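Letters A, B, ... are given to chains in the order of the sequence lines, protein chains preceding strands, and every chain is numbered from 1. As the structure is a prediction and not an experimental result, all values here were calculated from the model.
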Amino acid sequence: MNPTLEYEFVFQVRLDFEERTRFQPTTPMGGRVYVPVVGGTITGPRLQGRVMPQSGADWARGHSDGASEINAHYMFEASDGTPIYIHNRGYLYGRGGDGKPIPPEQKKGFEIVPSTYFVCTPVFDTPVGPHDWLTRTVIVGLGQRISEPDHSIFNYFEIRS
Amino acid sequence: MSMLAPPALDLEFAFQIRVEFRDRVMFSPTPGGGRGYVSVARGEVEGPKLRGRVLPNSGADWALVRQDGTLEINAHYMLEASDGTPIYLQNRGYLHRSDPAEFQPSYFVMAPVFDVPVGPHDWLTRTVIVGKGERRRDPDHSVFTYFAVRS
């Protein structure tokens, strides 16, 4: 058995950040961070537009093993003016030599680690119309953190059936 | 574009789950559209990254039926790995048909999330998993083929 899954690149998002806040001490649920979205751009074959400035944040939760559970809410604006709510979910963590997440006690701030797992599956809401395929399609994104200035690049793919 | 090569996903086949269903109940309309209840009877898990079974009668799909005909999958049930580890599976995704009379959906894709004790299966709690489903008859069941997204 060699199952395969079809997918197609749909768009790329650049997200700009300025501040990152870690809740200290940790919360009853573990770690929690607040990373507000400053703005950004959307380019690609299926969606173009911008990230609405200051439209939300990632409130990621930290697991006890060091993995971070992405929980981001913000807004896109398509080039035709359509508002798009994105709720992004997924995982982000730097990996040690054993391939496992770097434990919370060994983390140095929000340092970017060379071996990082950064994958997400956002869900969207948008008015009925040309962009509503986003509300009925499983989308997977590969993220990449970049410093100076602090931003992330996400390449998003539509999963086919 | 900041990447030189055309962007691609690195997908690794992880496991397949065969789920047999017990009851199918539709309650409609609800204020949100409609709601389906499809209870999980039993099943098996096979593949290179996980083997075991679906814990019998351990949950259901309570899909939201939207006004555009799309089903938002919202399933909760239990797996049991072959070493006895309990695994909570929360499935989310979409099912729709281009022809409502067709048995097989034209789109049936999901991205489940898991919770599991710290140990050999805890990679499920920090890995994005995507899968496609296929409905089958006699008995009523679906086969889900899951892939780990690598990064």
Single-linkage hydrophobic cluster B/Leu124~B/Leu89, side-chain heavy atoms < 4.5 angstrom | yes
ILVMFWY network linking B/Val116 to B/Leu50, side-chain heavy atoms under 4.5 angstrom | yes
Which pair of non-hydrogen atoms, one from A/Thr4 and one from B/Lys132, has the smallest distance, and what is that distance?
-> O-NZ, 2.6 Å
Non-hydrogen atoms of chain A under 4.5 Å away: do they reach the side chain of B/Asp68, the backbone, both or neither?
-> side chain
What about B/Val19 and B/Leu79, same hydrophobic cluster or not, with Ile/Leu/Val/Met/Phe/Trp/Tyr joined at side-chain heavy-atom distances under 4.5 Å?
-> yes
Using a 4.5 Å cut-off on heavy atoms from C-beta on, say whether the side chain of A/Tyr91 contacts that of B/Val149.
-> no
Side chain, backbone, both or neither of B/Phe147 within contact of chain A (heavy atoms, under 4.5 Å) = side chain
Check whether any side-chain heavy atom of B/Arg126 lies under 4.5 Å from a side-chain heavy atom of A/Pro101, and answer yes or no.
-> yes
Should A/Val140 and B/Leu9 count as side-chain neighbours, where that means a heavy-atom distance under 4.5 Å?
-> yes
Kindly determine whether A/Arg89 and B/Val113 satisfy side-chain contact (heavy atoms from CB on, under 4.5 Å), including the steps that lead there.
-> CA-CA 10 Å; A/Arg89 307 180 290 203; B/Val113 293; over 6 Å; no
Shortest non-hydrogen contact from A/Gly90 to B/Val128?
-> CA-CG2, 4.2 Å
In one Ile/Leu/Val/Met/Phe/Trp/Tyr side-chain cluster, 4.5 Å: A/Phe76, A/Phe154 = yes
After noting the C-alpha distance and the side-chain angles of A/Tyr7 and B/Val130, does the key distance pass the side-chain contact (heavy atoms from CB on, under 4.5 Å) rule?
-> CA-CA 11 Å; A/Tyr7 63 88; B/Val130 288; over 6 Å; no
Okay, B/Ser106 and chain A: the region with an atom under 4.5 Å from a heavy atom over there is backbone
Roughly how far, to the nearest 0.5 Å, is CE of B/Met110 from CD1 of A/Ile159?
-> 10.5 Å
Does CD belonging to B/Gln67 count more than 12 external heavy atoms closer than 6.0 Å?
-> no
Does atom NZ of A/Lys107 have more than 12 heavy-atom neighbours, drawn from other residues, nucleotides or ligands, at distances under 6.0 Å?
-> yes
What's the spacing between A/Thr135 OG1 and B/Tyr94 OH if we round to 0.5 Å?
-> 6.5 Å
Determine whether B/Val65 and B/Phe21 fall in the same hydrophobic cluster, where Ile, Leu, Val, Met, Phe, Trp and Tyr are linked whenever their side-chain heavy atoms lie under 4.5 Å apart.
-> yes
Side chains of B/Arg92 and A/Thr121: donor-acceptor distance under 3.5 Å anywhere?
-> no
Should the heavy atoms of other residues, nucleotides or ligands under 6.0 Å from CD of B/Gln104 be counted, would the total exceed 12?
-> yes
Shortest non-hydrogen contact from B/Ala8 to A/Phe157?
-> N-CZ, 3.6 Å
Under the side-chain contact (heavy atoms from CB on, under 4.5 Å) criterion, do B/Thr127 and A/Tyr117 qualify, and how do the steps go?
-> CA-CA 8 Å; B/Thr127 306; A/Tyr117 188 87; 3.6 Å; yes
Does A/Glu148 CD have over 12 foreign heavy atoms under 6.0 Å away?
-> no
Just wondering, more than 12 heavy atoms not from A/Gln48 lying within 6.0 Å of its CD?
-> yes
